[in-house]
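Notes for the one structure printed next.
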Amino acid sequence: MTNQEIARLLRQIAAAYLLKQENRFKIIAYERAAETIQKSNIEVKDLWEAGKLSSLAGIGRAISSHLDELFRTGRVKHFNQVLTGLPKAIFPLLDIPGFGPKKAYKLVSELKLVNPHTVINDLLGAARKGKIAPIAGFGDKSQQYIIEALQRFKQGQTKERRMPLPYAYNIATNIISYLKQHQSVVRAIPLGSLRRMVATIGDIDIAVASKNPEKVIDWFLEYPKIKKILEKGSSGASILLENGQQIDLRVQSPDNFGAMLQYFTGSKNHNIHLREFALKKGLSLSEYGIKLLKRSQKSTHSASSGREVKSQKYNEKLKIFEFASEKDFYHALGLPWIPPELREDSGEIEAALRQASYDKHHNGQDKYPGLPKLVELQDIKGDLHIHSDYNLLPSHDLGESSLKEILDQAVKLGYQYIGLSDHNPSYTNHTSYRIIDIIKRRRYYFEQNLKSTKSTRVNLFIMLEVDILSNGQLAIPEKAFEYLDAVIVSVHSSFAMSKEKMTRRIINGLNHSKAKILAHPTGRLIGKREAYEIDIDKLFSYCCENKKALEINAYPDRLDMPDTLVHEAIKKGVKFVIGTDSHKAQQMDLMKYGISVARRGWAQSSDILTTLPYNKIKTWLSGEEVK
DNA sequence: GCCGTTTTCGGCCCGACTGTTTTCAGTCG
């Protein structure tokens, strides 16, 4: 059973409880569990096998035991009891935007719709005949809305479409630099999943701080690539670009920018947790600022842990504290500022609290307990996963840039070193002898070329990206390794394998003394291909024990490993390298997306080996102890 | 049903929007 199916089932249970007027917090608990599972990058079934279901937020004893029953027997007795007595036809309707349990139940019972397989069409028919408007609580407008919603649903527009991060990032960057040309724009920052640098983005929202909202909005609406203006208000506007992308703009006064930025950055779960936390201090949070609840005698100042809150201002009329900066908003809660990439309610609020108490007491704990000091782009000293245009008759795609172009780019990026990791020569089309010969010539070619270029400031590792064949063997003969400084290994074929077999295969491939890095470890392609099955804990332990690194592949539709797995791995002490997998020199700029994955996985520079200077990375690649 | 600066019992986020309402219910993010 997939995560999506499990999430859907739990939502159905929540809906059933709602209709049966169960305790509303029980309903919220089921919805929360569904949400967590839906967003999890880790298969819930894998967690179950590892006995770690409760590690997911919102999954406690009861739901764990129900899921256990589900995986063991394929059904849950308790769930079936909860669902009895409710018309089955309501559940398909819950997938339609705008339909909740109450509306679905009322329509299904009033119109006596019984067949879950035909309910969509049945309801559409009833609506068109005008049978919905007379039902109490409905009217002409809602009837019309239902018709439209059902038609959209039938056309398959139910699922939100998400685009890869780099695509959204580029669009937003262009608009932001356009906005900043206007003198009334004090700050312009992307919001939501884009600011948190999530691998896929739904909407593009942009926040602007300005004292002249009207001027900013007019300027925004003059953006050259607009196809249509969707909405224009006093504090924001929405446009549709020629490429079909919708952009929402929100303008807020600079004095009151902090709470708004915090609120719209999310994530939803982070905000919920933060508001629950604030509530215990007698503070109520919203996009407008911080309110004192009546039962609290404290001011927001006393809630802080000695951190200065510079930009706080009390708005008498609204009885709310306003903040110019997001930092001060967090400080007013007694917390250090939390980087957006961490705001997923995956332990960051707890870590921020530990940090606050540590900063306050300096209680000499030997291990710093707070938020990680996240790795940054400028910490990166090199890129080991670059494909050149040297034609070694590979089985996969060749790069497009020459050694010189790659070296020039590396100089531009301030790198100390790069690794040329072309794909291995085709394994099926050549004899072993020929493969060895190709790899030998390639080494000679690069060495000669390096001597003749002036960019000797950049050091070169002559590497290779070698396929791990389905039997676990590497796709080049043993003798060819003599001509390579180290290799990256990866899976490019036979993705459908049992978990045990795939795990054995990959560990086998990594086991060669020159194999140092596993590239794109899960094999996923965002929106195109699911990850292959692999025993991730086994892989993590193997890497720790044998000093192998996993790659964070920065290529836009890979971003692999995914951030949540990076977080898991780092907790266990696994080391990473960030590779761009560039096939053109300009693509070496993709490093920032790899950095965003690392940061979302709580990585510090000590977790990323390519932050090491040349001498140390050389030592590590050669298999010696790094001091 | 979940979960824990203190609390293994007793709490549980906040506001906007929409449509039907005449003061609110449902849904959404």
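In what follows, every chain begins at residue 1, and chains take the letters A, B, ... in the order their sequences are listed. Heavy atoms only: backbone and side chains are in, while hydrogens, waters and symmetry mates are out.
Residues from residues 66-78 of chain A with heavy atoms under 4.0 angstrom of DNA chain B, sorted by number: A:H78.
Among the protein residues, A:R61 comes within range of the sugar-phosphate backbone only, with heavy atoms under 4.0 Å from sugar or phosphate atoms but none that close to a base. Contact annotation for A:I59: backbone-only contact, meaning every heavy-atom pair under 4.0 Å involves sugar-phosphate atoms and none involves a base. A:N23 comes within 4.0 angstrom of a base, heavy atoms only. Across all strands, A:I28 comes closer than 4.0 Å to no nucleic acid atom at all (heavy-atom distances). A:Y17 comes within 4.0 angstrom of the backbone, heavy atoms only, and of no base.
Residues A:M163 and A:I204 are in side-chain contact: their nearest non-hydrogen atoms beyond the backbone lie under 4.5 Å apart.
Under 4.0 Å is where a charged nitrogen must lie from a carboxylate oxygen, and between A:E326 and A:R343 at least one such pair does. Electrostatic pairing of A:K39 and A:D345 does not count as a salt bridge here, judged by no charged N lying under 4.0 Å from a carboxylate O. Ion pairing between A:E287 and A:R250 fails under the 4.0 Å rule for side-chain N and carboxylate O.
Of the residues A:H567, A:E341, A:E344, the one that meets the side-chain hydrogen bond (donor to acceptor under 3.5 Å, both in side chains) test with A:R600 is A:E344.
Rounded to the nearest Å, the gap between the P atom of B:dT6 and that of B:dG1 is 27 Å. Going from the C1' atom of B:dT20 to that of B:dA25 covers 9 Å, rounded to whole Å. B:dA16 and B:dT21 have their P atoms separated by 24 Å, given to the nearest Å. One C1' atom belongs to B:dG11, the other to B:dT5, and the distance between them is 16 Å to the nearest Å.
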#### Entry: A:E322 and A:N315: CA distance, side-chain angles, deciding distance, side chain to side chain donor-acceptor pair (under 3.5 Å) verdict
CA-CA 7 Å; A:E322 297 177 339; A:N315 183 328; 2.9 Å; yes

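A:S54 and A:S64 form a side-chain donor-acceptor contact under 3.5 Å, judged by distance and modelled atom types alone.
Atom CD in A:Q262 sits roughly 13 Å away from atom P in B:dG15 (whole-Å rounding).
Where A:I272 and A:L56 each meet DNA chain B at their nearest nucleotide, the meeting point lying more 5' is that of A:L56. Nearer the 5' end of DNA chain B, as judged by each residue's closest nucleotide, is the contact made by A:I27, out of A:I27 and A:Y145.
Applying the ring-ring contact (aromatic ring centres under 6.0 Å, His included) test to pairs two or more places apart or on separate chains, none has a residue in residues 85-105 of chain A. Note on residues 47-69 of chain A: pairs passing salt bridge (charged side-chain N to carboxylate O under 4.0 Å, His left out), not counting sequence neighbours, are A:E49-A:K499, A:K52-A:D537, A:D68-A:R72. For residues 41-83 of chain A, the pairs satisfying ring-ring contact (aromatic ring centres under 6.0 Å, His included) are A:W48-A:F71, A:H66-A:H78, A:H66-A:F79, with sequence neighbours left out.
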## Note on the structure
In 5'-to-3' order, the base (B), backbone-only (S) or no-contact (-) status of each nucleotide in nucleotides 20-29 of chain B, using a 4.0 angstrom heavy-atom cut-off, is S-----SSSB

### Message
At under 4.0 Å between heavy atoms, how does the protein contact nucleotides 5-10 of chain B? Give one character per nucleotide, 5' to 3', with B, S or -.
### Response
B-B---

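Minimum atom distance to the side chain of A:S286 is reached by B:dG15, of the listed B:dC3, B:dG15, B:dC12.
B:dT8: no Watson-Crick or G-U partner with both key distances under 3.5 Å is found in any strand.
With A:K103 contributing its side chain and A:L93 its backbone, the two residues share no donor-acceptor pair below 3.5 Å.
Between A:I37 and A:N3, the shortest heavy-atom contact is CG2-O, 3.4 Å.
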